[in-house]
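Just the heavy atoms: all of them, side chains too, but no hydrogens, waters or symmetry mates, feed the values below.
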Amino acid sequence: MQNVLTPEDIWNGVYRDYQVSMEEEVFGAGEEIGWRTNKEGVVHFNILERLLPDGYVSLNDIENNGINEKGERISLRSLANQDFHESMTIIGEGGIGKTTFLRDIMNRTYRCGIYESEKKIPIYIELSRTPSEISGWYSKKKQKSNFLIRYIAGIVYDLEWSDSSKEACVCYEKIEKELQKRVERGKEKYMLLLDGLNEVSMRKAENDNRTILDYLCMEIAEMRKYSNLIIILTSRRTRQVYGEADSHVIELVGIQDEDVRWYLEKTRFSEVQINRILMDKELMICLRVPLFLCMFGNRKVEGKKTPCSRGEILYNFFHRDSPYYNEHRTAERIQREQYLTGTQITFIVDFLLPYIGWTMEYIEYYSLEESCLQGFIEEFLEDGERILWTDKVEPFDFYRKKHIKIGVIREELSQIPYNKILECITEGLGVMYMNRDGEGCFVHQHFRDYFAAVYEVQLLRMGYALSGVYEKTRDTQVLDQCEELLSEINENIWSEIKCSFVGEIAGEPRNRALYKEGRWTKGEIILEEQKFLNQALKTFRTTGILPVEGLYNLIETMKLTRKDLSGVNFSNLDLRGCRFNGAVCSHKMQEWFLGGQIFMAHL
């Protein structure tokens with residue numbers, strides 16, 4: 001091993017890693033996920049090519065935009081092509097283009113394959129891969145861990161992150177010293193492209209009270225002091241973004257209204273519908289995000305049923321009235337090969353994928369080894385006692401209309417090799433993929449969180465159906481089943497993202513009180529889903545099941561997505577663990593009054 005580490009050595013290591021990524025993810029099998037370049041060298045993520053293989057209207061020619069601290073609008077494409085001289089924090093909604101921006105920078109540097117000594121060397125790092133072992137790498141002397149250094153060493157020296165041998169530590173020290181070299185301001189040699197701070201786990205690190213995120217933030221804070229590098233960090237604004245005060249901040253606002261109009265025209269929305277969409281401020285916030293605009297345009301729904309939120313756009317795409325696998329050529333191939341039927345694939349989308357998403361969200365993982373994924377599939381399908389499979393009720397329309405029991409489909413799938421089921425999910429449906437480390441991931445973090453929320457909704461629907469049986473029969477066995485089912489909702493407080501998706505799937509924004517013709521009225525029921533959360537409240541009222549965290553989750557979801565609790569029936573509920581501070585609970589206009597009902601509720 002050479003004694004001196006040069007910038008060209010680091011460039012060569014990153015270039016090799018970049019080539020492997022491009023070859024495996026783009027120029028390999030057509031089903032792989034990855035990055036494509038158009039004639040201008042612009043990189044884009046081909047998530048949509050996996051989900052929509054029969055084609056979609058490309059957004060490549062549309063500019064994505066951000067706003068800087070001065071309120072100036074900046075083109076993301078032009079920003080990626082500039083020379084960076086200061087650290088920067090990029091904030092924006094998931095799917096809005098943060099990762100694509102970083103990959104544009106990588107592509108600009110490495111696509112020609114020629115080292116240019118006068119240019120900075122970008123190094124792309126996926127922060128979601130930060131391991132719990134980060135606490136064990138903490139150095140009191142340096143006041144930081146060295147996960148980022150180990151990540152770079154893995155690229156340059158092909159070392160495992162866990163390698164703490166004497167030889168590996170020498171490599172880590174070489175990289176550290178190279179990044180710490182004293183250079184003039186503006187002459188920094190390296191750019192760390194740190195992607196997805198919001199995706200780092202908030203779980204406690206091993207044998208410590210600090211979280212994995214705490215350790216990573218401490219490391220980033222110390223590395224900001226290094227003379228020979230600048231840091232470009234991306235994150236959703238799910239909370240105050242760590243370190244944004246120490247760098248320039250660009251808040252991504254997505255594509256402009258005229259580009260949304262152009263896209264909707266290309267996807268053949270009517271002029272009347274386009275004008276309605278452009279006037280809907282909340283929907284437009286969603287549609288400025290390229291991912292949601294494409295999915296919205298692909299599932300064209302006009303009139304009052306037009307999706308109005310992120311969760312509803314995804315629900316309309318994956319679930320509502322249209323099993324999306326029907327339009328997917330690879331899923332058709334799977335059916336032709338006769339190892340999965342259409343109904344079985346629908347079951348996978350309705351229950352198995354939500355369970356996988358729910359489990360990954362619960363343990364705060366964004367990727368899992370293939371064997372672990374197959375283990376989750378086996379666990380879910382082999383558990384014949386799961387209350388979700390009860391034959392006492394069938395609350396799911398698709399299966400009830402076909403006179404099919406979901407428990408029977410579960411049993412059928414349990415007889416199929418689990419690698420075939422995983423192949424259906426990754427290659428057939430395109431919702432997940434296997435990365436080059438052999439780990440399974442959802443193609444976008446939003447999809448993991450969305451399917452996790454769908455699982456909670458499915459539990460609530462089954463719970464409501466069982467509570468109806470109990471209300472009629474007073475069968476204590478049914479009550480026990482309902483209590484066991486709701487325990488999964490009762491035991492954990494939902495994250496803000498989960499509350500948001502559950503509420504949007506359940507159409508809660510549509511349930512908001514409206515002021516019309518001189519009076520306040522409840523939101524009009526357009527979709528069956530709008531009844532879900534009120535039915536969930538009735539489940540707790542009917543059964544008397546101690547709510548623990550369940551009612552707290554439901555009310556926080558309503559507050560976040562409905563933003564108005566007037567007209568909600570909270571009667572006969574135990575609300576002692578719930579928060580109503582800041583919530584709008586009633587409206588009055590002259591003699592007209594619309595209020596929440598709390599008759600005989602425990603407060």
What residue among Trp494, Tyr355, Phe351, Tyr362 forms ring-ring contact (aromatic ring centres under 6.0 Å, His included) with Tyr455?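 Result: among Trp494, Tyr355, Phe351, Tyr362, Tyr355 is the only option passing the ring-ring contact (aromatic ring centres under 6.0 Å, His included) with Tyr455.
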
Does any donor atom in the side chain of [X] or [Y] lie under 3.5 Å from an acceptor atom in the other side chain?
X      : Y      : answer
Ser500 : Glu504 : yes
Asn228 : Tyr190 : no
Tyr226 : Glu176 : yes
Arg448 : Thr359 : no
Tyr18  : Asn107 : yes
Glu456 : Trp358 : yes

State, to 0.1 Å, how close [X] and [Y] come at their nearest heavy-atom pair, and which atoms those are.
X      : Y      : result
Leu283 : Ser309 : CD1-N, 4.5 Å
Asn492 : Asn553 : O-ND2, 2.9 Å
Cys585 : Phe580 : SG-CD2, 4.2 Å

Atom [atom1] of residue position [X] - does it have more than 12 heavy atoms of other residues, nucleotides or ligands inside 6.0 Å?
X      : atom1 : result
Glu69  : CD    : yes
Glu382 : CD    : yes
Glu369 : CD    : no

Would you give the length of the straight line joining atom [atom1] of [X] to atom [atom2] of [Y], rounded to the nearest 0.5 angstrom?
X      : Y      : atom1 : atom2 : result
Lys225 : Ile220 : NZ    : CD1   : 13.5 Å
Gln481 : Leu466 : CD    : CG    : 6.0 Å
Arg210 : Cys217 : CZ    : SG    : 12.0 Å
Met558 : Ile555 : CE    : CD1   : 7.5 Å
Thr234 : Ile90  : OG1   : CD1   : 8.0 Å
Asp449 : Tyr366 : CG    : OH    : 6.0 Å

Under the salt bridge (Lys or Arg N to Asp or Glu O under 4.0 Å) test, residues paired with Lys538 that sit two or more places apart: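 So Lys538 forms no salt bridge (Lys or Arg N to Asp or Glu O under 4.0 Å) with any residue.
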
Under the salt bridge (Lys or Arg N to Asp or Glu O under 4.0 Å) test, residues paired with Asp574 that sit two or more places apart: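 Checked Asp574 against salt bridge (Lys or Arg N to Asp or Glu O under 4.0 Å); matches are Arg576.
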
Is the shortest side-chain heavy-atom distance between [X] and [Y] below 4.5 Å?
X      : Y      : value
Val289 : Ile255 : no
Ile497 : Arg236 : yes
Thr211 : Ser201 : no
Ile232 : Ser87  : no
Phe376 : Leu381 : no
Leu373 : Leu422 : yes
Asp350 : Phe396 : no
Met223 : Leu148 : yes

Could you walk me through whether Phe347 and Trp389 pass the ring pair (Phe, Tyr, Trp, His ring centres under 6.0 Å) test, one step at a time? CA-CA 12 Å; Phe347 177 96; Trp389 317 138; 5.5 Å; yes

State plainly whether the residues [X] and [Y] are in salt-bridge range, i.e. N to O under 4.0 Å.
X      : Y      : answer
Lys142 : Glu173 : yes
Arg310 : Glu93  : yes
Arg224 : Glu219 : no
Glu556 : Arg579 : yes
Glu199 : Arg129 : no
Arg510 : Glu529 : no

Verify, without hydrogens or angle tests, whether [X] (side chain) and [Y] (backbone) share a donor-acceptor contact under 3.5 angstrom.
X      : Y      : result
Ser145 : Ile134 : yes
Asn146 : Ile149 : no
Arg203 : Ser132 : no
Glu491 : Glu488 : no
Arg150 : Trp161 : yes

Intermediate values then yes/no, ring pair (Phe, Tyr, Trp, His ring centres under 6.0 Å), Phe292 and Phe296: CA-CA 6 Å; Phe292 292 122; Phe296 179 87; over 10 Å; no

Please determine whether ring pair (Phe, Tyr, Trp, His ring centres under 6.0 Å) holds for the pair Tyr315 and Phe501, giving the CA-CA distance in whole Å, both sets of side-chain angles, and the decisive distance to 0.1 Å. CA-CA 10 Å; Tyr315 189 74; Phe501 271 127; over 10 Å; no

Give a yes or no on whether the ring-centroid distance for Phe442 and Tyr433 is below 6.0 angstrom.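 Here the rings of Tyr433 and Phe442 have centres that are no less than 6.0 Å from each other.
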
Mind checking whether Phe147 and Tyr138 have ring centres under 6.0 Å apart?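 They do not qualify: ring centres at least 6.0 Å apart.
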
Here's a test for you: under side chain to side chain contact (heavy atoms under 4.5 Å, CB included), which of Leu229, Leu179, Ile121, Ile230 qualifies with Glu188?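 When Leu229, Leu179, Ile121, Ile230 are each tested with Glu188, the side chain to side chain contact (heavy atoms under 4.5 Å, CB included) holds only for Ile230.
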
Among Leu459, Ile545, Thr539, which residue satisfies the side chain to side chain contact (heavy atoms under 4.5 Å, CB included) criterion with Leu485?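 The single option meeting the side chain to side chain contact (heavy atoms under 4.5 Å, CB included) with Leu485 is Leu459.
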
Describe, in one word, how the ring planes of Tyr450 and His319 are oriented to each other, choosing from parallel (under 30°), tilted (30 to 60°) and perpendicular (over 60°).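 Ring orientation of Tyr450 relative to His319: tilted.
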
Can you list the steps and then say if Asp195 with Leu127 is a side-chain contact (heavy atoms from CB on, under 4.5 Å)? CA-CA 6 Å; Asp195 193 17; Leu127 297 183; 5.6 Å; no

Can you list the steps and then say if Leu194 with Glu126 is a side-chain contact (heavy atoms from CB on, under 4.5 Å)? CA-CA 6 Å; Leu194 306 183; Glu126 291 179 83; over 6 Å; no

Please say which of Lys559, Arg562, Gln530, Lys563 ends up in a side-chain hydrogen bond (donor to acceptor under 3.5 Å, both in side chains) with Glu508.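 Among the candidates, only Arg562 passes.
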
Derivation of the side-chain contact (heavy atoms from CB on, under 4.5 Å) call for Glu361 and Phe451: CA-CA 9 Å; Glu361 190 257 357; Phe451 279 104; over 6 Å; no

Evaluate side-chain contact (heavy atoms from CB on, under 4.5 Å) for Tyr157 paired with Lys174, printing each intermediate quantity in order. CA-CA 11 Å; Tyr157 294 112; Lys174 286 180 182 179; 3.5 Å; yes

